[in-house]
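Just below is one structure, and these are the notes that go with it.
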There are 2 protein chains.
Amino acid sequence: MKRNVTVKTLAEQLNISIATVSKALSDSHEISAETKQRVLDLARTLNYERNPAASNLRSHRTSTIAVIIPDVANNFFSLAIKGIEEIARTHNHHVLIYQTHEDSAAEIAFTNSLISGRVDGILISVTRSAGNLAHFQSLIRQIPVVFFDRSIEIPDAFSITTDDYESAYQATRHLAEKGCRKIIFLQGLDRLATGQRRLRGYLDALNDSGLEQLQPVALAANTDPQLIRDGIRQAIIGEKPDGVLSSIEEFVVPCYYVCRELGIDMPGALKLVSFSNLPTAPLLHPALSTITQPAFEMGRVAASCLFQILHKREVDLLSLPGLHSQLIERESSALV
Amino acid sequence: MKRNVTVKTLAEQLNISIATVSKALSDSHEISAETKQRVLDLARTLNYERNPAASNLRSHRTSTIAVIIPDVANNFFSLAIKGIEEIARTHNHHVLIYQTHEDSAAEIAFTNSLISGRVDGILISVTRSAGNLAHFQSLIRQIPVVFFDRSIEIPDAFSITTDDYESAYQATRHLAEKGCRKIIFLQGLDRLATGQRRLRGYLDALNDSGLEQLQPVALAANTDPQLIRDGIRQAIIGEKPDGVLSSIEEFVVPCYYVCRELGIDMPGALKLVSFSNLPTAPLLHPALSTITQPAFEMGRVAASCLFQILHKREVDLLSLPGLHSQLIERESSALV
DNA sequence: CTGTTAGCGCGTTCAG
DNA sequence: CTGAACGCGCTAACAG
């Protein structure tokens, strides 16, 4: 194994001091253009790569950010990561990925392992089992954090979301216009601000449409399929709705099965709109319209926001581009 | 800002040496159980977190691996990442993500930035524009690398793939049994070993079915949609096939459009089977059967392989579970 | 079983 | 504009 090339190697070969090399490599203004060039040239020919550990240890900068999400293999989150990675790259930063699988203990473990200086900042879409408000309150005082999509209510926390209220409102109005008189809301994010906003949009729309206000159907945050199905069945039998607004995609399929069991004609007797980020979902489920989030854009915006913070710029959240969900109706969707 | 707690803090409070603390924290066999416990207890109460940069600088271990893939927002790769992340977690390792977007210059830049000790090992699914064999040959001598799915032919390189040959063979036989007499092959990975294996499976199947051997249709590796469509149109007009085997999913939609333009009835006059990892694809395209890769499993196996290497174990590739693609026919696919 | 010593490679003083 | 010296926090080697 031949010895790695370090600043020392460069310094010796050029007969200058280590400090000069270091400064030249960071493009310091106190080094002459000529010296810089000589250093850079040699660095290139020797394939010098700065040792990140040493650099980090000394400078407390890691050029790394972390992304914590429930699940990578989910169309929404993988698109968000894609956007985040692209922005990170333009800032010469590396991206670490962590999956919580909706387990808030894992979430806490990850964030704790990150505050020891492994990353410069964190992008997070919180677990829906959440509830550890105190943990996040302490976290954001220790390291820059930007919440995206799934946020929790913390004053002074940066948080990038779409127009959850507005899209739930519009979707509900849409159902009402299609003739639905009794619309239920399947709530899957009741502990998150995101879910609360969607709920308010739904309730206000019912009100403005002169429709009956119903209790949201709060379904178990854990992922026991049987519990979810039972909850939906109970709600459908009890309320006999002709419209459903689902706050997360996960309820769509169980809802179908329940209706099939109960002999309910889905496009006819019961219309369903779901927040969903599988763009092809309307194609799969003829009776389904979806509210699709701009996941890729959201990743980009959230990452940009984080880098603004890291660069110690004043973050003007209002200057960031607005993010709007899109209601995709079954009727309007063509092949691909 | 209050000072961070380090091994020194722990050592002082417990009146033992720094080295003892360090050893206790790494569960060294040369420390008594009692001392270990005292150290661990104090570490917990003080919320001690080991500084990863310092540890890495000294030990040359990073507890981090890198995953380099063409695109995160792709069902196959996001599932693979999911598997990788889960295995990495069981080994207490962190996962860095890089997207090449099929750009081999980016691929080279990423790998170069990683050999300076940022990660312990690399998992990579190479760009289809590949061709930089020499680069990878030098890379695998500098750092442990495991190729997955998209591999290139390098002796002594670890590479985890599915039964590409076999599945292309079976798919082609399947088409022949359905009555296809003239089956063309749309080649999208011609520079990769993966693509070569699929091609051989196709050719052998033609042979064994007593069908005419045709030149594979090599389509541009870059992603100009017009070029792809033109290539497909030319092949279909020229060869007048009644069956198509596509080596990548990307050609499916263009193929549809071309057939629509040419007035070719797709399930009837032309049957299509594609390597594809969108599990819902057969539902979307009534005429399409797919060969689906076990992406999640592949991620897990590739990561396990990498950790075996990192642990300096003899890697017995044969001991790893076999990975088999699955042919999903339109007829057999139910809703979700 | 525990402690002492000596760096890992880099960036930041401060002195020339 | 350049260089000498120090230490970031930790761990490997060696002594006791």
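Just so we're on the same page: letters track the sequence lines, and every chain starts at 1.
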Let me spell it out: for each of B:Ile18 and B:Ser59, pick the nucleotide of DNA chain C with the closest heavy atom. Which residue's pick is nearer the 5' end?
B:Ile18
Nearest of C:dG9, C:dG3, D:dA12 to any side-chain atom of B:Arg58?
D:dA12
Nearest-Å distance for atom pair CD1/P, residues B:Ile16 and D:dC10:
14 Å
Any salt bridge linking A:Asp120 with A:Arg61? Criterion: basic side-chain nitrogen under 4.0 Å from a carboxylate oxygen.
no
Length of the line joining B:Arg61:CZ and D:dT11:P, which is rounded to integer Å
8 Å
To the nearest angstrom, the CD1-C1' distance between A:Ile31 and D:dG3 comes to 10 Å
From the options C:dC10, D:dC10, D:dA12, select the nucleotide whose nearest atom is closest to the side chain of B:Val7.
D:dC10
Find the distance A:His29:NE2 to C:dT12:P and express it as a whole number of Å.
12 Å
Is A:Ser22 touching bases, backbone alone, or none of the nucleic acid, heavy atoms closer than 4.0 Å?
base
Comparing A:Lys23 with B:Tyr48, nearest DNA chain D nucleotide closer to 5' gives the residue A:Lys23
Closest nucleotide among D:dA4, D:dC1, D:dC14 to the A:Ser32 side chain
D:dC1
In whole angstroms, how far is the P atom of D:dA13 from the CD atom of B:Glu30?
11 Å
For A:Ala19 and for B:Ser17, find the nucleotide of DNA chain C with the closest heavy atom, then tell me which residue's nucleotide is more 5'.
B:Ser17
A:His91 vs A:Phe307 aromatic rings, parallel, tilted or perpendicular, using cut-offs 30° and 60°?
parallel
Expressed as a whole number of angstroms, how long is the span from B:Asn15:CG to C:dG3:C1'?
13 Å
With heavy atoms under 4.0 Å as the rule, sort A:Ser26 into base, sugar-phosphate or nothing.
nothing
Reckon A:Thr35 has a side-chain N or O less than 4.0 Å from the OP1 or OP2 of D:dC1?
no
Looking at A:Arg150 and A:Glu102, is any side-chain nitrogen of the basic one under 4.0 Å from a carboxylate oxygen of the acidic one?
yes
Is the phosphate of D:dT11 approached by B:Ser55 (side-chain N or O, under 4.0 Å from OP1 or OP2)?
yes
Measure from CG on A:Asn51 to P on D:dC8 and round the result to the nearest Å.
18 Å
Do the side-chain N and O atoms of B:Ser151 and B:Thr161 include a donor-acceptor pair separated by under 3.5 angstrom?
no
Could you tell me how far apart B:Leu14 (CG) and C:dG3 (P) are, to the nearest whole angstrom?
10 Å
Of A:Ala33 and B:Pro52, whose closest DNA chain D nucleotide lies nearer the 5' terminus?
A:Ala33
Output yes when at least one side-chain N/O atom of B:Thr20 is less than 4.0 Å from OP1 or OP2 of C:dC1, else no.
no
Apply side-chain contact (heavy atoms from CB on, under 4.5 Å) to residues B:His93 and B:Ile87 and explain how you reach the verdict.
CA-CA 9 Å; B:His93 272 240; B:Ile87 296 295; over 6 Å; no
